[in-house]
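We count ligands from 1, going down the list as the structure has it; atoms in each ligand are counted the same way.
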Amino acid sequence: MLFETHTPATPPTADPLAATPTWMTVMDRAGRTCECTGACGSRHGRSGLRCDTRHGQYLKGHRGPVRLAVGQPDLTDREAAALPPADLRAWCPACWRGTDRRRRAARAALAAHRDTADTADTLF
Ligand SMILES: [Zn+2]
Ligand SMILES: [Zn+2]
């Protein structure tokens with residue numbers, strides 16, 4: 001996701017890649033629909049195992065139209081910005097938050113594991 005990673009609550013409207021050629025390419029491929037297939041923790045079972053949130057859609061509990069962002073949850077903003085569109089995904093805010101939360105939890109668990117066992121781990 002291409003916005004400040006230390007402020008996970010920041011809406012993807014801050015995405016610096018919004019409306020750039022990369023954003024357009026990814027969004028066209030994605031059909032302007034979130035490409036999450038479960039990384040956020042939801043199986044999206046009601047929508048064919050893929051999130052069906054669309055760019056510009058109005059959602060309950062979400063102020064204004066949803067704005068999808070383009071990014072790659074495992075990478076920093078700078079790393080993601082260097083990737084070709086084929087390696088980037090479209091994300092709705094809810095899926096990004098869920099994915100980011102899971103990633104942070106995994107890293108925290110890994111750090112705790114390192115603290116206690118001090119073993120190398122190649123996961124990240
Ligand atoms: Zn989604
Ligand atoms: Zn999702």
- Lys/Arg-Asp/Glu bridge criterion (N-O < 4.0 Å) met for R103, D100: yes
- Query: Under 3.5 Å, is there a donor-acceptor pair between the side chain of R29 and the main chain of P85?
  - Reply: yes
- Note on the structure: Atoms listed for the Zn ion (ligand 2) (protein only, N, O or S, under 2.8 Å, no waters) are C36 SG, C40 SG, H44 NE2, C95 SG
- For R54, look at atom CZ and say whether over 12 heavy atoms of other residues, nucleotides or ligands are found less than 6.0 Å away. no
- Query: Quick one: does W91's side chain have a donor or acceptor within less than 3.5 Å of a partner on C36's backbone?
  - Reply: no
- Message: Donor-acceptor check, side chain of Q72 to backbone of A80, threshold 3.5 angstrom: yes or no?
- Response: no
- C92 and its side chain to side chain contact (heavy atoms under 4.5 Å, CB included) partner, picked from L59, D52, L68: L68
